[in-house]
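In what follows, chains carry the letters A, B, and so on, assigned in the order in which the sequence lines appear, proteins first and then strands, with residues in each chain numbered from 1.
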Amino acid sequence: MTKFKFNKAERLKSEKTIGRMFKEGHSFGVYPLRLVWLKVEEPRSDSPVQFTVSVGKKNFKSAVARNRIKRKVREAWRLDKSRLYKKLEGADGQLAFMVLYTAKEDLPYQDIEKAMKTVIHIFIKKNMPPANKRRENVPPLS
RNA sequence: ACUGCAGGCUACUCCAUCGCCUGGCCCCAAUCCCCUGAAGGGGGAGAAGGGGUUCGGGAGGAAAGUCCGGACAACGCAGAGCGCCACACCACCUAACGGGUGGGGUUCCGGUGUAAUACCGGGAUACAGAGCGUGUCACAGAAAAUUACCGCCUUCGGGUAAGGGUGAAAACGUGCGGUAAGAGCGCACGGCGUCCCCGGGUAACCGGGGAGGCGGAUAAACCUUGUGGGUUGAAAUGCCACGUACAUCCCGAUUCCGGCGGCGGGCCAUCCGUGGCCCAAAGCCGGAGCAAUGUUGCUCGCACUGUUGGCGGCCCCUGGGCGGCCAGUCGGGAGGGGUAGGCAGCUAGAGUUUGGCCGUGAGGCCAUCCCCAGAUAAAUGAUGGAGAUCCCGACUUGUCGGGAUUACAGAAUCCGGCUUAUUGGCUUGCAGUGUUU
RNA sequence: GGUCGGUUGGCCGAGUGGCUAGGCAGAGGUCUGCAAAACCUCGUACAGCGGUUCGACUCCGCUACCGACCU
């Protein structure tokens, strides 16, 4: 039951962490999304991942439109994150995730959900090869 | 019924699944307290957190712009003056307002109608003062405000605003008289200010009469008059936690007087007990000065804070004067550093529903009912399915098929307004046109 | 959340209510064998909408956009 929830512990709120993500973190894009992520050594909560969304004011001037897109992206994350959580079981540290919405128009939910699934898939494929050798394949922080 | 104008109301509904924020209740539970005690047992409280087939609530008419007005909070005073800002026909409403309601003036439009005034309906209106002062008034024009030039007249001293046709604006307009030529110089009609009287109206103002007049515009130019405003704003403010650093540098003040007090000293008198006079430390009290603050514009007032101690030098001379340094305290400033978490403020209020009464109305009074968002990288969503409404097409005229549910837009301390954005529907008032009775 | 400031040609920038300076860039010309430089000429602007005024870049409202500050 708990796998579809989205609590406060799972939200990324620290301004410092977000600042570090853009300096030191890694990123890749899957239209219309772009993931920025960083491994945090001292977890702020007991959740394996802290997640947040960003929609630029440049692309969407209306606050209503920005809020709607953020809700859709959060919904997609909420429904698909369990796949990643399963892979992360037993790992120490915490991951900070930020998803940027890069499209210029408000896309329907199905498109966003599809992109989110791809994002999670690529992340697992790149950084989480099965079992024991996981730690070595995580790229070092620059 | 249609059209036009001016308003008002509303902001799709329901079901299922998965979620978000928030308040209550229940469960788990680290821990703490009490009783008894050898362990242990019993009872109670229970932060943060987790959970629940649990019970409630969860965006707007503009939540927006931040243009006004308040509540509330801080600044030692809600003190003074200056400055600054705002407002400006009258009355009322209101907690207050630059808002609203009603009325007045001015002006525009439409209709009816006239020789013309007029009447009806609707709109707009930052609408105090230009017979205080200062400034500005391009081009054109003789001249843009106290005045010249041309012209006209002349007794050659001068008089004269009729003419000069340009302009947004130029000496009340037209006619007659009058004159050397002219001029409100006089008269008739008309227009516009000032003052007084009468009538109506709470008043603005309107109507009538009289006196004395008529030398431009601009105050959303300075300004004058009147009225109001102390300033700053929830990133206010208070508390807790964490963290540097009661750290560094620069500047300023740290002076004097009086009273009480009497350590101690000097002089005089002496019946040797003491008495009188003078100087006078510590401490206490009061005052002046200085520094700084001066309610986050300037100045001032009152209040408040600091004004303590040590060490040398020079001069006269044995008690003072002058001038320094150091530390402390207080005040001002500079650069730099740390934190950017939590709680309160924070949602029961000029509140909401319904009804009655008063008022032309804005609104007021009374009763009744309800509790109705409090997030903070910032909650109210996603998916699916019905219904309802609207649009398009087809024809069997009430069915089918397709599409849309949209616009503007997301609370951030809270209210009252204003302004701006905006889809569709419903509805009220007024005017006009047409039809029927 | 609050408090302020700004918007003038393609770019930078001045402007007292009376025809919007100047520079860079662009176009044409003179000069040159050709260019550069220099000189001459030209085009293109007051963010938008209302109001005050005879007249508005300027004064006053509203709107849009850009920017600064606060602890």
What interatomic distance, in whole Å, is found between C1' of G336(B) and the corresponding atom of G310(B)? 34 Å
W77(A) and F51(A): ring pair (Phe, Tyr, Trp, His ring centres under 6.0 Å), yes or no, with the steps? CA-CA 9 Å; W77(A) 169 256; F51(A) 177 87; 4.3 Å; yes
List the protein contact pattern of nucleotides 373-379 of chain B with one symbol per nucleotide (5' to 3'): B for base contact, S for sugar-phosphate-only contact, - for none; contact means a heavy-atom distance under 4.0 Å. ---SBS-
Toward the 5' end of RNA chain B, which comes first, K72(A) or V64(A), by nearest nucleotide? K72(A)
Side chain of Q110(A): nearest nucleotide among G384(B), G410(B), C18(B)? G384(B)
Rounded interatomic separation in angstrom, taking OH from Y109(A) and P from A382(B): 10 Å
When the C1' atoms of G313(B) and G286(B) are compared, how many Å lie between them, rounded to an integer? 36 Å
Check the distance between G410(B)'s C1' and I69(A)'s CD1 and give it to me in whole angstrom. 14 Å
Has K70(A) got its NZ or CZ under 6.0 Å from the middle of the six-membered ring of Y101(A), at an angle within 45 degrees of the ring axis? no
Which nucleotide in the list G410(B), G19(B), U383(B) gets nearest to the side chain of R78(A)? G19(B)
On a heavy-atom basis, which atom in I112(A) and which in L33(A) lie closest, and how many Å separate them? O-CD1, 4.2 Å
Before accepting this row, confirm whether a basic side-chain N of the pair E75(A)/R78(A) lies closer than 4.0 Å to the acidic partner's carboxylate O. yes
Flag the pair K81(A) and E10(A) as a salt bridge only when some basic side-chain nitrogen lies within less than 4.0 angstrom of an acidic carboxylate oxygen. yes
A334(B) to G294(B) separation - P atoms, rounded to the nearest Å: 14 Å
